Amino acid sequence: MRRYVFDAGPFLLLFTNEKGSDKARLAVLKHEKGEIEIYMHPNNLVEAYVVLNKLINERPDLLVKKIKPEDVVKSAYATLKVLHDEEVTLKLGELKAKYKDKPWGDLSAAALSLRLDERGEVPVVILDGEKHFDDIKEIKTIRISELEL
């Protein structure tokens, strides 16, 4: 079964009509049907919470409906495979030591990818314009526009 790690950006697309939102929603539907597995790190949900709060207050026009950030986080725990354990913590520490200036959220998604497959074969799904993953060589990434479901 194909497995993916969602970074915060693709997860946030579920609540907008921005480019890539259709693929993000299709991926979650396939996850719910048991055709694929989507994992997220709790740090990415924290990031999503913060961004949703900002959108609600500054750009509510981007959202497909009125939502509460806490409901979004709760739904992620109910629907997706949210995972953080000792092994993820160790991998996250190793990555942060190596990539000191990278955001915690991005490194959290990368650490989860490595936790799921030591060779980094479980790709992190990222936004098309995401640049922070470009030089993280330990993992594979897939831009949302390139996600084939």
Side-chain angles (χ1 to χ4, degrees), residues 1-85 87-88 91-92 95-96 99 102-149:
M1 178 176 302
R2 289 182 296 165
R3 299 182 297 167
Y4 302 96
V5 173
F6 263 29
D7 189 34
F11 177 72
L12 287 165
L13 288 176
L14 297 171
F15 310 100
T16 73
N17 279 325
E18 293 185 51
K19 183 181 174 190
S21 61
D22 52 339
K23 282 199 177 179
R25 284 192 278 274
L26 178 59
V28 170
L29 286 174
K30 286 188 171 276
H31 170 84
E32 290 173 339
K33 291 179 182 177
E35 297 173 15
I36 65 171
E37 291 180 336
I38 299 174
Y39 291 81
M40 282 193 74
H41 189 281
N43 286 347
N44 297 113
L45 290 175
V46 171
E47 187 179 358
Y49 183 102
V50 171
V51 172
L52 279 173
N53 238 359
K54 187 173 182 175
L55 288 175
I56 289 166
N57 292 320
E58 297 176 16
R59 292 293 313 271
D61 56 299
L62 293 178
L63 300 171
V64 291
K65 65 180 184 176
K66 189 174 181 175
I67 54 174
K68 295 179 183 177
E70 57 270 22
D71 292 341
V72 168
V73 170
K74 288 177 185 177
S75 72
Y77 273 94
T79 306
L80 305 176
K81 294 180 180 284
V82 181
L83 177 62
H84 184 93
D85 60 15
E87 194 174 336
V88 176
K91 293 186 182 315
L92 178 53
L95 289 171
K96 190 62 175 174
Y99 302 103
K102 297 278 184 209
W104 280 102
D106 295 337
L107 291 177
S108 297
L112 182 53
S113 170
L114 290 171
R115 156 63 171 85
L116 295 170
D117 186 322
E118 285 288 333
R119 298 175 313 246
E121 296 293 323
V122 176
V124 178
V125 180
I126 61 175
L127 294 175
D128 287 353
E130 176 68 65
K131 301 286 186 212
H132 292 120
F133 287 88
D134 290 350
D135 60 346
I136 301 176
K137 302 301 181 202
E138 292 87 346
I139 61 158
K140 289 185 179 184
T141 59
I142 297 178
R143 300 201 181 274
I144 191 75
S145 65
E146 299 166 350
L147 185 60
E148 293 185 18
L149 301 165

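We count residues from 1, following the sequence as given. The structure displayed is predicted, hence computed values, not measured ones.
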Do you know which two heavy atoms are closest between [X] and [Y], and how far apart they sit?
X: A109; Y: D7; answer: CB-OD1, 4.1 Å
X: F15; Y: F11; answer: CE1-O, 3.5 Å
X: L12; Y: A48; answer: CD2-O, 3.6 Å
X: P123; Y: I142; answer: CG-CD1, 3.6 Å
X: V88; Y: A111; answer: O-CB, 3.8 Å
X: R3; Y: L116; answer: NH2-O, 2.9 Å

Would you mind reporting whether [Y] and [X] have side-chain heavy atoms less than 4.5 Å apart?
X: P10; Y: L127; value: yes
X: L63; Y: L52; value: yes
X: V5; Y: I139; value: no
X: L80; Y: H31; value: yes
X: N43; Y: L92; value: yes

Inter-residue atom distance L107.CG - N44.CG, 0.5 Å rounding: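 Nearest 0.5 Å value for the CG-CG distance: 10.0 Å.
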With sequence neighbours excluded, residues passing ring-ring contact (aromatic ring centres under 6.0 Å, His included) with Y4: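 With sequence neighbours excluded, Y4 shows a ring-ring contact (aromatic ring centres under 6.0 Å, His included) to no residue whatsoever.
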ring-ring contact (aromatic ring centres under 6.0 Å, His included) partners of Y39, counting only residues at least two apart: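 Y39: no ring-ring contact (aromatic ring centres under 6.0 Å, His included) contacts found.
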Of all pairs that satisfy salt bridge (charged side-chain N to carboxylate O under 4.0 Å, His left out), the ones with a partner from residues 124-138, not counting sequence neighbours: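 Output for this query lists K19-D128, K98-E138, K102-D135, D134-R143.
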According to side chain to side chain donor-acceptor pair (under 3.5 Å), who are the partners of [X], at least two apart in sequence or on a separate chain?
X: E32; answer: none
X: K81; answer: none
X: E121; answer: K140
X: D117; answer: R119

Side chain to side chain contact (heavy atoms under 4.5 Å, CB included) between I126 and D106, worked out: CA-CA 9 Å; I126 61 175; D106 295 337; over 6 Å; no
For residues 21-30, run the donor-acceptor check on the side chains, cut-off 3.5 Å, and write out each pair with its distance to 0.1 Å, sequence neighbours left out.
{"from": "S21", "atom 1": "OG", "to": "T16", "atom 2": "O", "distance (Å)": "3.4"}
{"from": "S21", "atom 1": "OG", "to": "E18", "atom 2": "O", "distance (Å)": "2.9"}
{"from": "S21", "atom 1": "OG", "to": "R25", "atom 2": "NH2", "distance (Å)": "3.1"}
{"from": "K23", "atom 1": "NZ", "to": "S145", "atom 2": "O", "distance (Å)": "2.7"}
{"from": "K23", "atom 1": "NZ", "to": "L147", "atom 2": "O", "distance (Å)": "3.0"}
{"from": "R25", "atom 1": "NH1", "to": "L13", "atom 2": "O", "distance (Å)": "3.4"}
{"from": "R25", "atom 1": "NH1", "to": "L14", "atom 2": "O", "distance (Å)": "3.1"}
{"from": "R25", "atom 1": "NH1", "to": "T16", "atom 2": "O", "distance (Å)": "2.9"}
{"from": "R25", "atom 1": "NH2", "to": "T16", "atom 2": "O", "distance (Å)": "3.4"}
{"from": "R25", "atom 1": "NH2", "to": "N17", "atom 2": "OD1", "distance (Å)": "3.3"}
{"from": "K30", "atom 1": "NZ", "to": "E35", "atom 2": "OE1", "distance (Å)": "3.0"}

Qualifying side chain to side chain donor-acceptor pair (under 3.5 Å) pairs, either residue in residues 61-80, two or more places apart: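 Residue pairs passing side chain to side chain donor-acceptor pair (under 3.5 Å), neighbours aside: R59-D61.
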Where at least one partner belongs to residues 102-149, residue pairs that pass ring-ring contact (aromatic ring centres under 6.0 Å, His included), sequence neighbours excluded: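 Every pair satisfying ring-ring contact (aromatic ring centres under 6.0 Å, His included) with a residue in residues 102-149: there are none.
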Results of salt bridge (charged side-chain N to carboxylate O under 4.0 Å, His left out) for E118 - residues two or more places apart only: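 K91.
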Qualifying residues under salt bridge (charged side-chain N to carboxylate O under 4.0 Å, His left out), relative to K96, sequence neighbours excluded: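 Per chain and number, K96 pairs via salt bridge (charged side-chain N to carboxylate O under 4.0 Å, His left out) with no residue.
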Main-chain N/O of Y49 paired to N53 side chain as donor or acceptor, under 3.5 Å: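 No: the side chain of N53 does not pair with the backbone of Y49.
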